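Below is one structure, written out as structure tokens; comments come after it.
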There are 2 protein chains.
Amino acid sequence: MADALNNSILKSIKTFKTIQSEVQSINRVALSVDCVIFGFDENKLKVLFIRSDLKKYQSKWSLLGDLVKPEECLDTSAYRILKQRTGLDDVYMEQVHTFGDVHRHPAGRVVTVAYCSLINIQHHKLKILDNELHWHDADSVSELAFDHKEIFDTCFLRLQKRVQEHPLGFSLLPGKFSLRELQNLYEAILSIKLDRRNFRKKFFAMDFLVDLNEIEKNVPHRPGRLYKFDYDKYEKKKKKWSGIDF
Amino acid sequence: MADALNNSILKSIKTFKTIQSEVQSINRVALSVDCVIFGFDENKLKVLFIRSDLKKYQSKWSLLGDLVKPEECLDTSAYRILKQRTGLDDVYMEQVHTFGDVHRHPAGRVVTVAYCSLINIQHHKLKILDNELHWHDADSVSELAFDHKEIFDTCFLRLQKRVQEHPLGFSLLPGKFSLRELQNLYEAILSIKLDRRNFRKKFFAMDFLVDLNEIEKNVPHRPGRLYKFDYDKYEKKKKKWSGIDF
DNA sequence: AATTATTGTGTAAAATAAACACATTCTTTC
DNA sequence: GAAAGAATGTGTTTATTTTACACAATAATT
């Protein structure tokens, strides 16, 4: 037993030559990136899917993804996909998890790195030109192609956790927003009701909202004040908090 | 501008044939798994490295890793590496992050999936037979081969965060442990001093420690009581907490 | 001018976390 | 075997954070 173990250890120690030949010839896999792109519209959390381009899965929606190019970093690849599909680039994006089950994809062994990104649906640069693309309600995503439902679930959970630790939510809102909109956003992401007064208190205490001295327009009731998120202030504060950032 | 964008979108929609040929021929990369294996010994957090097998990096230590085999899932691959190197399998293991910078590895394009695992250094099955392997102090890791320092840092930060949210620490301890040992562990991982009374209170309140009605042996002072971690109780509790689990 | 809907604000209670001291028990030393 | 040393084991008080909760002010609509 100990010998067998010892043996396998010795076997697993490889020379540079062995490694190089393995890297160059065998043991290669296709690598892709899949993006779970969230948006927020009409007080609902939305997620962008595309009609699957594989016949067998044609009735199903799938995530936006592509194979990673030989001279492309993972993050670069994710930004490329986002840019191609939405026209946006300066957005929040985070690598979430890598999925590599042997038979997860019908076209062969494809390992995929999942990214979560948050975009502002009202952004003037946003262009969803492809009519195969569609915004779905994030709280009622049913079956997706391949293992994309699992990937989506993982990213959604990650978003729910992240948003409680860091002020990411602003990425989903326009530059100017009311506190009601901000609260609606959090309620939508977390599927909970929040106390309005405590919510306001909390965000004011964090002290990275800037009062724009403007008020909402075209609302059928008393308009609220508009704020913007102060990234600089937040960055400064972040340093003071725990160095542990994820 | 809009046309160019539109164009790139159209170009990026691929047929099944295109995808299949890409998956099968071009656009492939070598994929590896690297394990950051933590242990706890003499009140210090330890991490297991191996002397790099690449000449250029021979003076440096590196993580334990290997290429993912064609018929192997990522988790499977990580467990295989751990088993080969340590003889252990039933351990805590978590995928942390995937590193895919184009030039991160000298042997070519190698994308690596980093795993963090926690083992009990005193485990009777543990066998570090390879004298190229060495336990290093986790708080003083200097230069490593390739981008392994970055990978280690990422995993270490993840561990520090996780250990504050979930009772992982027990994986690093023997089955029976005293509260002092448990506290030493947390202090080592987080590099902080904790109040002994509040620490005890907290863990007792969580209510998944089982008093074994035994006491420490061979300690040069009054021996403490021994406890074990009750996994079943923890699993039950976990469900009651937020469904958001990472 | 009255009604309606939502904004904006403060305080009290409850829960959680932090600070803190002394008696007890076993080991070692004299 | 008596005294000294060193760490265990325990409760209370204070500070901080979170939760619960009500009413006046403002703009839009009728």
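Convention: sequence-line order gives letters A, B, ...; per-chain numbering from 1. No experiment lies behind these values; they were computed from the predicted model shown.
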Do [X] and [Y] have side-chain heavy atoms sitting under 4.5 Å apart?
{"X": "A:Leu185", "Y": "A:Phe170", "value": "no"}
{"X": "B:Ser117", "Y": "B:Leu82", "value": "yes"}
{"X": "B:Lys46", "Y": "B:Phe40", "value": "no"}
{"X": "A:Thr86", "Y": "A:Leu48", "value": "yes"}
{"X": "A:Leu45", "Y": "A:Asp139", "value": "no"}
{"X": "A:Leu63", "Y": "A:Phe49", "value": "yes"}

Bend angle of the helix from C:dA1-D:dT30 to C:dC30-D:dG1, from helix axes over five pairs at each end, nearest 10°: 10°
Sugar-phosphate only, base, or nothing, as touched by A:Arg225 at under 4.0 Å among non-hydrogen atoms: sugar-phosphate
Sugar-phosphate, base or nothing in reach of B:Arg197, heavy atoms under 4.0 Å: base
Selection: residues 210-218 of chain A, any non-hydrogen atom under 4.0 Å of DNA chain D: none
Below 3.5 Å between N/O atoms, which protein atoms pair up with nucleotides 27-30 of chain C? Just atom names and distances, please.
none

Length of the line joining A:Arg180:CZ and C:dA5:C1', which is rounded to integer Å: 11 Å
Residues that A:Glu143 engages under salt bridge (Lys or Arg N to Asp or Glu O under 4.0 Å), provided they are two or more places apart: A:Lys60
Lys/Arg-Asp/Glu bridge criterion (N-O < 4.0 Å) met for B:Arg225, B:Glu214: no
Charged N-O contact under 4.0 Å between B:Asp232 and B:Lys236: no
Identify each atom pair where a protein N or O and an N or O of nucleotides 15-18 of chain C are less than 3.5 Å apart, giving names and distance.
from   : atom 1 : to       : atom 2 : distance (Å)
C:dA18 : N6     : B:Lys201 : NZ     : 3.3

From CG (B:Asp34) to OG1 (B:Thr112), nearest 0.5 Å: 3.5 Å
Between CZ on residue B:Phe152 and CG on residue B:Leu157, distance to nearest 0.5 Å: 9.0 Å
B:Asn43-B:Glu187 side chain donor-acceptor pair, cut-off 3.5 Å: no
Leading and trailing nucleotides of DNA chain D with any atom under 4.0 Å from heavy atoms of chain B: D:dA7 to D:dT12
